[in-house]
Amino acid sequence: MKTILITGAAGDVGTHLRRELAGQYVLRVSDLRSLKKINREEKFVRADISRFADALRITKGVDAIVHLGGYSVEGPWEGILSANIIGCYNVFEAARRNGVKRILFPTSNHATGFYRRDQTIDHRVYPRPDSRYGVSKVFGEALASLYADKYGMEMFCMRIGNVNPVPIDKRRLSLLFTPRDLAQLVSIGIEHPAIRFEIVYGVSKNKRSWYDNSNAYRLGYKPLDDSEVFAADILRREPPGDATAELYQGGMFTVAEEIPNPAPLPRKARVKKRK
Ligand code: 15L
């Protein structure tokens with residue numbers, strides 16, 4: 001069985017993924033926080049990926065890395081810089097030094113959030129980040145490209161929509177990524193023999209999708225879920241939102257300076273956080 005490192009394992013996406021992948025891989029799970037529950041076949045390693053020594057320690061001896069760790073919404077620059085720019089560099093560079101070839105990088109719909117909702121975009125479009133957070137995801141994609149071209153690493157970038165069993169609002173009707181579709185795409189990222197550098201969209205087969213996800217389909221992705229069954233109900237109860245946010249795929253990320261963050265900042269960033 002392959003050993004897979006999942007960073008940021010305590011977060012929502014990590015929690016769904018660990019449940020879905022249980023039994024298929026040996027999971028080394030890491031986070032800054034403690035995990036609520038550690039399954040029998042998982043090994044927990046605490047790490048602050050903004051410290052290179054931690055990144056080196058946790059990436060040693062694994063077959064692939066799903067790098068979920070980092071700040072997952074728009075927030076203060078210090079937090080984004082430390083967790084998503086420095087943290088991402090540390091994990092990729094530590095993987096390279098430890099001879100780990102394959103990294104799955106969950107980038108985000110916010111790397112392209114300033115495309116309008118009436119546009120359909122594919123994996124080749126120019127990034128249009130909608131936030132500092134989105135910029136950090138574009139950085140991760142660029143770093144993945146560098147590590148593929150320069151060091152021959154195998155980099156699978158998934159621009160994730162919204163991981164949830166059901167869509168939570170109108171915008172997420174276009175972005176729903178159910179846990180079982182997430183697990184299928186991640187398994188492709190781990191197992192596909194011919195990954196060099198790929199960008200795919202991490203979304204289910206939603207009728208209202210803004211994405212041409214043909215690159216994921218080419219690699220064998222066959223999503224099972226479609227948010228449309230929830231559409232009538234959601235559209236009936238949702239009041240009109242901010243006009244700018246409604247125009248763009250990134251929604252509130254295009255206007256807000258901060259979105260409540262479900263994860264704590266790394267220690268260093270906490271100290272420097274501006275008032
Ligand atoms: C993301 O990239 C975030 O990580 C997640 O928390 C959601 O906000 C999601 O995008 C979204 O756009 O719904």
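Along the sequence shown, residues are numbered consecutively beginning with 1. Just so you know, these numbers come straight off a predicted model, no measurement behind them.
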Starting at CG of Asp149, measure out to CZ of Arg196 and round the result to the nearest 0.5 Å. 4.5 Å

Rounded to the nearest 0.5 Å, how far apart are CZ of Arg208 and CD1 of Ile234? 9.5 Å

Using only atom types and a distance under 3.5 Å, with no angle test, would you say the side chain of [X] pairs donor to acceptor with the backbone of [Y]?
{"X": "Arg28", "Y": "Val45", "answer": "no"}
{"X": "Asp226", "Y": "Glu228", "answer": "yes"}
{"X": "Thr254", "Y": "Gly251", "answer": "yes"}
{"X": "Asn162", "Y": "Leu175", "answer": "no"}
{"X": "Tyr25", "Y": "Met1", "answer": "no"}
{"X": "Glu74", "Y": "Arg132", "answer": "yes"}
{"X": "Lys137", "Y": "Pro106", "answer": "yes"}
{"X": "Asp225", "Y": "Ser204", "answer": "no"}
{"X": "Asn215", "Y": "Ile199", "answer": "yes"}

Which is it for Arg97 and Glu93 under the salt bridge (charged side-chain N to carboxylate O under 4.0 Å, His left out) test, yes or no, and what are the steps along the way? CA-CA 6 Å; Arg97 293 200 199 173; Glu93 176 59 14; 2.9 Å; yes

Tell me whether the rings of His110 and Phe253 are parallel (<30°), tilted (30 to 60°) or perpendicular (>60°). parallel

Which of these, Leu185, Thr107, Asp122, sits in a side-chain contact (heavy atoms from CB on, under 4.5 Å) with Val200? Leu185

What do the steps show when you test Arg171 against Asp169 for salt bridge (charged side-chain N to carboxylate O under 4.0 Å, His left out), and what is the final call? CA-CA 6 Å; Arg171 183 171 157 270; Asp169 56 19; 5.6 Å; no

Identify the heavy atoms of Cys88 and Gly140 that sit nearest to each other, and give their distance. SG-CA, 3.9 Å

Between Tyr71 and Asn84, the two heavy atoms sitting closest are N-OD1, 2.6 Å

So, Gln249 versus Asn109: side-chain donor-acceptor pair below 3.5 Å or not? no

Taking the basic N atoms (NZ, or NE/NH1/NH2) and the acidic carboxylate oxygens, is any pair closer than 4.0 Å for Arg180 and Glu20? no

Among Phe177, Tyr115, Tyr201, Tyr217, find the one that has a ring-ring contact (aromatic ring centres under 6.0 Å, His included) with Tyr211. Tyr201

